[in-house]
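Numbers restart at 1 for each chain; the letters A, B, ... are given by sequence-line order, proteins then strands. From a predicted model like this one, the values you see are computed outputs, not experimental measurements.
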Amino acid sequence: MSIALAFLAQTLRIAVPYLFAAAGGVLAERSGIISLTLEGFMLGGAFSAMLGSYYSGNPWVGVLAGIAGGLVLGLVHAVATIRYKADQVVSGIAINLLAVGLTRYFLKLVFDSSSNSPRVAGFSAGTSTTALVAGLLHNPLIPLGLVALPVVAWLMYRTPFGLRVRAVGEHPEAAATVGVSVARVRYIAVALSGALAALGGAYLSLDQHQFTDGMSAGRGFIALAAIIFGRWDPMRAALACLFFAAAETLQIQLQAMQAIPSQFVQMIPYVLTIVALVGVVGRAVPPAALGRE
Amino acid sequence: HPAPPVPAASGNGLDIGIVFDVGGRGDKSFNDGAYRGGERAEHELGARVHFIEPGEGSDREAGLRLLAAEHMKLVIGVGFIFTDDLTALANEYPNTEFAGVDYALKLDSAGNVVPPPPNLAALKFREEQGSFLVGALAALVGKSKKLGFVGGMDIPLIHKFEAGYRAGVNYVCPDCTVIAQYAGVTPEAFRNPGRGKELALSQYQSGVNVIFHASGSTGLGVFEAARQTGTLAIGVDADQYSEAPGHVLTSMVKGVDAVVFDQIKKVRDGTFHGGVQEYGLAENGVGYIYDAHNRALIPDSVHARVEAIRAGIIAGRIAVPSTR
Amino acid sequence: MTDAGAAAPIVRMTGIAKRFGAVEAIRDAGLEVIPGEIHAIVGENGAGKSTLMRILAGLFPPDAGTVEVAGRDVTGWSASQAIAANVGMVHQHFMLVPPLTITENVILGREPRSGLAIDMARAQREVAEAAERSGFRMNVRACVRDLSVGEQQRVEILKTLVRGARILILDEPTAVLSPPEVQELWRVLRALRASGGTIILITHKLDEVTEISDTITVMRAGRSVARFPTASASAASIARAMVGRDVVLSNDATTRRSPISQTARAGLDVRHLVVAGELRARAVDDVSFSVARGEILGIAGVEGNGQSALIEAIVGLRRATSGEISIGDRDITALSVRERDALGLAHIPEDRHRRGLVLDFSIADNLILGRQREYDRHGTLDRARVLADARAAIERADIRPADPELPARALSGGNQQKIVIARALARETAVLVAAQPTRGVDVGAIEQIHARLRAARDAGTAILLVSAELSEVLALSDRVAVMYGGRIVAIVPRGEASEELLGPLMTGAA
Amino acid sequence: MSAASSPSALRGRVAEALLPPLVALLVSIVAGDLLILAVGQSPGAVYRLMLEGTWGNAYGFGQVLYKTTTLVCTGLAVAVGLRAGLFNIGAEGQLAAGGLGAALVGLALPAGTTALLAVPLCTVAALAGGGIVGYVPGVLRARWGAHEVITTIMLNFVVLAFLSWLLSGRLRVPETLHTNAIRAGALPRLSAWWAPFHGSASNASLIIVLAAAASTSWYLFHTSRGYELRAVGLQPDAAESGGVSVGKTWIRALTISGALAGLGGINFVLGYEHYYEEGFATGAGFLGIAVALVGRSNPFGVVLAALFFATLSQGGLAINALVPKQMVDALQGVVILAMAASVPEVRRLLTLRRGAK
Ligand SMILES: Nc1ncnc2c1ncn2[C@@H]1O[C@H](COP(=O)(O)OP(=O)(O)OP(=O)(O)O)[C@@H](O)[C@H]1O
Ligand SMILES: Nc1ncnc2c1ncn2[C@@H]1O[C@H](COP(=O)(O)OP(=O)(O)OP(=O)(O)O)[C@@H](O)[C@H]1O
Ligand SMILES: [Mg+2]
Ligand SMILES: [Mg+2]
């Protein structure tokens, strides 16, 4: 495989968890609920997907279990922020801590391990990575991840539900006056966001065939940055995800050259995020009702 | 005195305390090695072993202290991170024996080693020697001028693995290059298998056929990549063959289990003594796996060559660097 | 005109009560509306008008009482049920989603589908047809945020009509309209009435009530206190019913002293000012004028014609792209808010909730906002002095309740506005920029605020008054400027100014 | 007598302040019960063990105090940010930078420098180290509108990598992750004054940190700058109209916030190990958010909340014999969630009741 193709393939693979998480995040944020939760959703999804696959021996059951795990965490966030009007940032941070704590607790409980689950059935079993497409199709979650944001874009801009999501995120009172249930739209959006982000986590654990404590490793925050970078638009967020993944690929490739201290190479994606935030989207306007009741 | 999460030592039993490093049980390498050593001592020596997994920061010292206060016969800290806490506690509890796996020796201003307290055994592994051997092995088997290394957190302890590995590669193949990459600069770097896999895939794609990892759980991603691309990886600390059967060329094993068992046995036999104890190839403290599982992957000629190098190192004919 | 006694009421609300937390918004309010009439509801701020109408529109249930529509008991119904029963409401604060298109706003909640998706082509066709039927000209694909306020209101009305509204509730629809736009609205409402529709109209403007309505219900302090045919009422009698006492309805109560010569004491001077806005590069487009000390210059204009940008540039909240602003001989264009304040520039912000008050601060803390550093003593805020000064200000401005420790949030809008004004007028100022000083404030409070502004003017302050209420501009100003499309299109002395002259200017018609 | 200071209104305000933490405590106890029962243990026994290991003996309590010290700092950092309407999620990097600052000064001073000079210098260095890291997102927000939630998260990674690089040169003792021991500026352990604390890491930095909490409270509620900071947090547009520079206040708030987090570094560096070690700050930043929330962004509340979370954290070690200590990680999440949900709910119910009366 040529260098360019290898770069592209790696970028796409790295992007998949970001794309899933950003797809979920865009939905929730556009409905007015802040998505600081993506990291926790991913971790929970990774763990429950592993668990599903472990007990069934079938990775697709793992995928479903991952979705279920994400839905549950999403609903907890939704109940806290919508029903009980908890501060969304705070609830998000709590969800993240909760996901860390619960996955650790049950990892210990079920597998008597503080780090890793046993190996479970996953997706990337084959050997050939000679061709870009074949390599990417190995894991069915990769093509799914690549279409996640386009599907969300369609949902958002073409369907009644999407119109309501956008209305509710901009001006909930206006939506309420025409009989749209703000709470219901948000419940659905946040639950979906949990499920989608959890798929990103499921990708991580099923691709690795095991769960590792803390394996989401900050990817949820990068996905959130991608959403902001993409100005809350699904397609632009997708581009931002690819951009961040490319930065990471670049980081990996640059490290191999060993030209600069690895600490500085490690900074690249984060510094790029800040630069992007400052340069490109400094004044990006979030959905008007984001973070409000 | 601290409340006992650990039942008090009975006084006549062989009560042993082991405190794990971050990663804890289930890391499939280092801590698990210590755990196995402890378990074996329970079966074979009738020891009662109490394990503690601290969090970060002051919890490490607290864990050690808890065990010392409960009159364990021997308290073992697993990981260089325990060095200072062990030193302080050994001074404070002169009647308790202590042991530190990967204990980091201090140098005084003149550059001489400061000896640890007499009741503290500083257990040091010569990872660079084992790494040297797997480096040579990798270069001989690899059929490529490029060899790979994936480290976890970018810190001196891991540099030791890298340095030995490089030297080993270049010893048998002076014009080979080693691509060395690290997963990060925080402790998270030891538990990011997703990153490990991508690092490995990029190395394999650039023509590397064998990768040696020293990266904790991150390395599990390296094995995944080896499986997926049909290439080879080298495990670390413990025999990691089962992580990717057929794709684990060998593992650079650190005999943490044997050494832990050994120290417990010495305490039982009354032969325990403090001081620096180095475990290199000569002491069988480090080595590489060559058994029924991976024999097929390693030609006899290569095995013979590596064994010769091993002898050379033990005899002091081959010098192995421990820093980059 | 409909005879109130003849037809059975189409809307009958009795004994309605509603509280929000600790606030009792309405208690024992009632309403009876005859089919085919225009029914006005009037009352002071906070009387409970909007709340009563929201209950009728199904936005929330009443705590007590019954609601009947067309003879059916619908107490506690939902917004969608109300819509289904052809009750539509145009809210005081528009219920439009700015980034969505007109079509999307209109179809929200009842989207036509093809398969899973919205049938957008059909939606646009239907909305365009409906607009045409109502005599509205609009591009149904335009974003609502790009529309003028008047256009937005038409979208709001269209929203209700498309949903088949036969009972249309309008909450203060004219507050933001220019006189021609108001006439246009009356045309639409009359047409609706002619076709058998019923209209309930909330407004503060008594001349409008007398002009358009058939019947009037007056609310005071959460109760319905009077209901009479418009024909039998006068502006003064309505006002008396609203406030519970006599009110001076001042339009030309301006008792002017002899005008001071413009050059004698220079006040505010604005030269060729250009200011960028959120949407337009030249929200203020080459504006020049000056205000002498002891003079009130009123700027009339429909909202959204650059007044906000102008005010913000003058007080230092927004950078001027070019041009010059000075106080006396001092060029202040580059100075900060605080530095302008130090030179004697005071400001009554147009939006008290956003700019005027820290709602969670106490009255006392709000009264020192901007002066806080003056209360520092040895690095610590001198609380005793803060409170003493606050008590004095509360007394002077008649802020109720008179407790300096109460959070500003707990006060009614009128009393909140009194805090803002008390703070702006707390010391001698050379220049006062007063933006919408009586917005949403009831008749009694308006009286008092106008008096304070006149007193400041008489004490030698140069006042720039910006108001969407043409009547207010006419009542207070010595000279009147009209702003349209970011430009000052005319400045006329008070004597020559009239609604007939200014109205067309405000819409760019002249 | 004004309405606000009447006894019933006062009672209302006290209830509004105290009920949410109580509800959160109850909810987390129930959640904890479930987790404990899932392992087949008795909740009573586990909680007893937790209490015994923390408040039940001097050593355990000393450990609690040690953890409290750091958490007060990160909690104050988050609280000051919140008061200015900003979410500082970068306390971890700021704490680490503060620690390194203190260590660098401690290393640079000649051995034997009097503590009267060395401790203040090291402390100022800790404040400065954290303050600089806090200043950056402040400027990014004020000048370019870059949202601080994202920039502080990103800066955590950048700062930790940068500190690691600084250390990777000559600073690091070979084979370890830490610097040499500081030559001056060490603080005494509390056990020097009260023997039963023997062995616990708690040290005199607790006193400095409590003084910082008191100063923060004074700053926020009794100075004009604090007034401006709170005004900006509650209603930035109104503050701006009042002549307060919102951008400057943001920068100031985040700098103070960072400095307070950095101050926490003295606990480990000056008080405990006497060197800077990579990773000593892990987790304390995120927990600081919890502390600030449960403490209602009030410095004194922060101290109490820090004590609570320190107890939980130390308790985890104690209960490990019966249930996995990972339980407390989950409980922290539950406490924050319950707290976040019960604050508005309690307010709502209280106003409902007040209305009904
Ligand atoms: N959602 C709400 N929460 C709390 N209080 C409210 C709410 N809505 C209205 N109120 C209060 O109820 C009272 C009546 O308000 P309402 O909006 O009905 O008055 P109004 O007559 O429409 O006044 P205005 O002329 O200013 O529009 C006021 O004191 C108001 O502050
Ligand atoms: N609103 C005010 N009223 C009175 N004096 C003030 C006010 N604001 C600032 N001052 C005083 O003016 C002087 C200069 O203010 P300056 O703006 O330089 O202060 P600063 O420390 O930079 O604070 P800031 O960051 O708010 O600008 C100071 O002595 C200050 O106390
Ligand atoms: Mg109203
Ligand atoms: Mg200044």
Hey, could you give me the CD1/OG distance between A:Ile252 and B:Ser206, rounded to the nearest 0.5 Å?
11.5 Å

Residues B:Asp27 and A:Asn116: closest non-hydrogen pair is CA-ND2, 3.7 Å

Of the non-hydrogen atoms in B:Gly24 and A:Ser115, which two are nearest, and what is the gap between them?
O-OG, 4.2 Å

I'd like to check B:Arg191 versus A:Met215 (side-chain heavy atoms, cut-off strictly below 4.5 Å). Are they in contact?
no

Contacting moiety of A:Ser117, where chain B heavy atoms sit under 4.5 Å:
backbone

B:Ala183 versus chain A, the contacting section by heavy-atom distance below 4.5 Å
backbone

Could you tell me whether the side chain of A:Gln266 and the main chain of B:Val185 form a donor-acceptor pair under 3.5 Å?
no

So, A:Gln208 side chain and B:Pro193 main chain: donor-acceptor pair closer than 3.5 Å or not?
yes

Are B:Glu53 and A:Lys108 packed together at the side-chain level, in the sense that at least one heavy-atom pair is separated by less than 4.5 angstrom?
yes

Contacting moiety of B:Gln181, where chain A heavy atoms sit under 4.5 Å
both

How far does CD of A:Gln10 sit from CG of B:Leu199, to the nearest 0.5 angstrom?
8.0 Å

Partner chain A: residue of B:Ile179, B:Leu220, B:Thr231 with the largest heavy-atom pair count (under 4.5 Å)
B:Leu220

Could you look at A:Pro118 and say if it's the side chain, the backbone, both or neither that has a heavy atom under 4.5 Å from chain B?
backbone

Rounded at 0.5 Å granularity, tell me how far CZ in B:Arg25 sits from CG in A:Asp112.
4.5 Å

Rounded to the nearest 0.5 Å, how far apart are NZ of B:Lys197 and NE2 of A:His209?
6.5 Å

Any salt bridge between A:Arg119 and B:Glu243, counting N to O under 4.0 Å?
no

Using 0.5 Å steps for rounding, measure from the OG atom of A:Ser114 to the CG atom of B:Asp32.
9.0 Å

Checking B:Asn192 side chain against A:Ala217 main chain: does a donor-acceptor pair fall under 3.5 Å?
no

Does A:Gln255 use its side chain to pair, donor to acceptor, with the backbone of B:Tyr182 at less than 3.5 Å?
yes

Reported CG-to-OG1 distance for the pair B:Leu201 and A:Thr249, which is rounded to 0.5 angstrom
11.0 Å

Is any side-chain heavy atom of B:Arg195 less than 4.5 Å from a side-chain heavy atom of A:Glu248?
yes

Of all the heavy-atom pairs spanning A:Asp207 and B:Glu224, show the shortest one and how long it is.
O-CG, 3.7 Å

